[in-house]
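Within every chain, numbering begins at 1; the chains are lettered A, B, ... in the order of the sequence lines, protein sequences first and strands thereafter.
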Amino acid sequence: QKEVEQDPGPLSVPEGAIVSLNCTYSNSAFQYFMWYRQYSRKGPELLMYTYSSGNKEDGRFTAQVDKSSKYISLFIRDSQPSDSATYLCAMSVTGFNKFYFGSGTKLNVKP
Amino acid sequence: KAGVTQTPRYLIKTRGQQVTLSCSPISGHRSVSWYQQTPGQGLQFLFEYFSETQRNKGNFPGRFSGRQFSNSRSEMNVSTLELGDSALYLCASSSGQGASMETQYFGPGTRLLVL
């Protein structure tokens, strides 16, 4: 069993829709939870991170962590075609040195 | 500030050959991590170097090795290439100071195709 599981998609939504991306994990020691966005032919870039449980909002993006269920989510409001990319979740025990990634969900936002 | 650079960007090799990939981190960053990205497995951690020492290692065979130089530049070597080694190899740098949360900055990757 992989430490981090993520539905690969693809997920196709119309412009303006609310998008929900999710990951589950098995290691209860994870404390740092990250979401990366990866455009085609580019390396991943960090969107946002959360420490421990709770919610974090940044513009149109909201990250949620439910440690009791070992489940994290990323919500994108008012999705735009420019949001079309692969979204990867990542987790770490310490926040540095070693990160565990999901396989990524490919999102397509249609104009 | 210049970002993380990786060379070469694309590489084609045949089975049994060896390959060396290079990564230059962001200026001032001392930690370099390497990842393998494939459609089936996603991003998998290979190893991390800090101050010329391997600090962490993933679950890859000994054919995968790396090193870091005094200027923090890093190289990754794969010997006796197998078809399954075809992947995008990503390098990420961070300050390496051991702060509570370190942002990793990724390079564009080297796409390796093994024939």
Under 4.5 Å, heavy atom to heavy atom: which of residues 79-86 of chain A reach chain B? Give them by number, or say none.
-> none

Which class fits the ring pair A:F99 and A:F101: parallel under 30°, tilted 30 to 60°, perpendicular over 60°?
-> tilted

May I ask you to say whether B:K13 pairs ionically with B:D85, meaning some side-chain N is under 4.0 Å from a carboxylate O?
-> no

Which bit of B:Y89 is near chain A, if near means a heavy-atom gap under 4.5 Å: side chain, backbone, both or neither?
-> neither

Contact class of B:Q44 relative to chain A, heavy atoms under 4.5 angstrom | neither

Evaluate side-chain hydrogen bond (donor to acceptor under 3.5 Å, both in side chains) for B:Q41 paired with B:T38, printing each intermediate quantity in order.
-> CA-CA 5 Å; B:Q41 297 296 318; B:T38 58; 5.9 Å; no

Below 3.5 Å, can you tabulate the donor-acceptor pairs from side chains in residues 102-111 of chain A to any protein atom, sequence neighbours excluded?
| residue | atom | partner | partner atom | Å |
| --- | --- | --- | --- | --- |
| A:S103 | OG | A:Q6 | O | 3.4 |
| A:T105 | OG1 | A:Q6 | NE2 | 3.4 |
| A:T105 | OG1 | A:D7 | O | 2.3 |

Side chain / backbone / both / neither for B:R9 at chain A, heavy atoms under 4.5 Å | side chain

By ring-ring contact (aromatic ring centres under 6.0 Å, His included) - contacts of B:F60 (at least two apart) | B:F64

Should the pair A:K70-A:E5 be classified as a salt bridge under the 4.0 Å nitrogen-to-oxygen rule?
-> no

What about A:Y100 and A:Y25, are their ring centers closer than 6.0 Å?
-> no

Sub-3.5 Å donor-acceptor pair from the side chain of B:Y49 to the main-chain atoms of B:G66, do we have one?
-> yes

Any chance you could pull the hydrophobic cluster mates of B:I12, using side-chain heavy atoms under 4.5 angstrom and chaining through other members?
-> B:L113, B:L115

Contact class of A:Y51 relative to chain B, heavy atoms under 4.5 angstrom | neither

Identify which part of B:L90 has an atom lying under 4.5 Å from any heavy atom of chain A, answering side chain, backbone, both or neither.
-> side chain

Looking only at B:P108, B:S94, B:G58, B:P39, most heavy-atom pairs under 4.5 Å shared with chain A are made by B:P108

